[in-house]
Amino acid sequence: SMKFSGTAAPSTRRLSLRILYALSLAAPLGLGLLSSTSASAQAYPNRPIRLVVTFPTGGAPDILARLFSEKAQLGQAVVIDNKPGAGGNIGSDIVAKSPGDGYTIVMGTVGTHAINGSLYEKMPYDMVKNFSPISLIASAPNLLVVIAQTTAKRSPAAPDVPTVAESLPGFEATTWFAMFAPANTPKPIIDKLNAEVVRVFKLPEVAERLKTLGLDPVLSTPDELGKYQASEIVKWTKVVKESGAKAE
């Protein structure tokens, strides 16, 4: 409680009370502003999430996306949106140009997020700068007919097929699938999505389904995906340059 000496003029007293009143209102507002980002992340998601698939229905990226959509328990629907074309660049570009609020995410591939940057003359997006990594999801060996497989280790899907690395040490060319959000998505939202991806793809029935599709579940932290993507870009840039391949 505040007391004013009788010498203070009534107008000064009223002004002081007004200032105190204004400050008392401003304090919670100020705190509210500070916590608005974390509050929006805590409330996430409060509407459906759009998961863009950069290839047509029926392919591995689509199946993985639908498994996530079916099993995710985020309190909101995960809606699949197939946007095929240009080796996956059309769908990825939609996500690259979406707000980083966790409501538009993409099922990326080794193509859309590692190879296309050097394969295409003009890219509509930057494979690294326009995205926030969420998690690796699965990989598939590329089987060379001369029956060797191109993963670093033998795949459980084809345990009797030797790897190229067994005769050419260090050789690895894996098709992989991973989830990305647009750049600048808040870390709490990324962490929430990562935890749900890891939970879903560790479910026994989901792991079993991947096996029947010839896919190996490969889960990661967002940071691990970022580092893996960077190393894959370096590797594929070299491969594309040496092969002279170009996409129209």
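The figures here come from the full heavy-atom set of this structure, side chains too, leaving out hydrogens, waters and symmetry mates.
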Handout entry: Close side-chain approach of D81 and V53, heavy atoms under 4.5 Å
Key = no
Practice task
Could you tell me the separation between the CD1 atom of I49 and the CG atom of D101, rounded to the nearest 0.5 Å?
Solution key: 10.0 Å
Handout entry: hydrophobic_cluster_shared for M107 and I90, side chain cutoff 4.5 Å
Key = no
Exercise for the section: Is it possible for you to say whether V79 and I189 belong to one hydrophobic cluster, with membership spreading through side-chain heavy-atom contacts below 4.5 Å? Expected result: no
Handout entry: H113 side chain near V106 side chain, heavy-atom distance below 4.5 Å
Key = yes
Practice task
Decide yes or no for P182 and T185: does some side-chain heavy atom of the first lie under 4.5 Å from some side-chain heavy atom of the second?
Solution key: yes
Handout entry: Side-chain heavy-atom pair I63, R66 within 4.5 angstrom cut-off
Key = no
Exercise for the section: With the side chain counted from C-beta on, respond yes when I105 and R50 share a heavy-atom pair under 4.5 Å apart, and no when they do not. Expected result: no
Problem - Note, P45 side chain near L74 side chain (heavy atom, < 4.5 Å) - result: yes
Handout entry: Electrostatic pair K71:E196 at N-O distance under 4.0 angstrom
Key = no
Exercise for the section: I would like to know whether E208 and L203 meet side chain to side chain contact (heavy atoms under 4.5 Å, CB included); could you show each step before the answer? Expected result: CA-CA 9 Å; E208 197 50 49; L203 291 170; over 6 Å; no
Exercise for the section: Using the rule that two of Ile, Leu, Val, Met, Phe, Trp, Tyr join whenever any of their side-chain heavy atoms come within less than 4.5 Å, decide whether F55 and V95 are in one cluster. Expected result: no
Handout entry: Interatomic distance, K227 atom NZ to E232 atom CD [nearest 0.5 angstrom]
Key = 15.5 Å
Exercise for the section: Please identify each residue that fulfils ring pair (Phe, Tyr, Trp, His ring centres under 6.0 Å) with Y125, with sequence neighbours left out. Expected result: F131
Handout entry: pair F201-L64: side-chain heavy atoms closer than 4.5 Å
Key = yes
Exercise for the section: Kindly indicate, with the supporting measurements, whether the criterion side chain to side chain contact (heavy atoms under 4.5 Å, CB included) is fulfilled by N82 and D62. Expected result: CA-CA 8 Å; N82 295 84; D62 180 67; 3.0 Å; yes
Practice task
Mark yes when over 12 heavy atoms from residues, nucleotides or ligands other than E205 sit less than 6.0 Å from its CD; otherwise mark no.
Solution key: yes
Exercise for the section: Quick one: do L51 and F68 satisfy side chain to side chain contact (heavy atoms under 4.5 Å, CB included)? Show the steps, please. Expected result: CA-CA 9 Å; L51 174 50; F68 183 69; 4.1 Å; yes
Problem - Side chains of P84 and T54 in contact at under 4.5 Å (non-hydrogen atoms) - result: no
Practice task
Please lay out, stage by stage, how W176 and I137 fare under the test side chain to side chain contact (heavy atoms under 4.5 Å, CB included).
Solution key: CA-CA 8 Å; W176 50 262; I137 291 179; over 6 Å; no
Exercise for the section: Find out if a path of hydrophobic residues (ILVMFWY) with successive side-chain heavy-atom gaps under 4.5 Å connects V128 to Y228. Expected result: yes
Problem - Crowding at NZ, K97 (>12 non-hydrogen neighbours, <6.0 Å) - result: yes
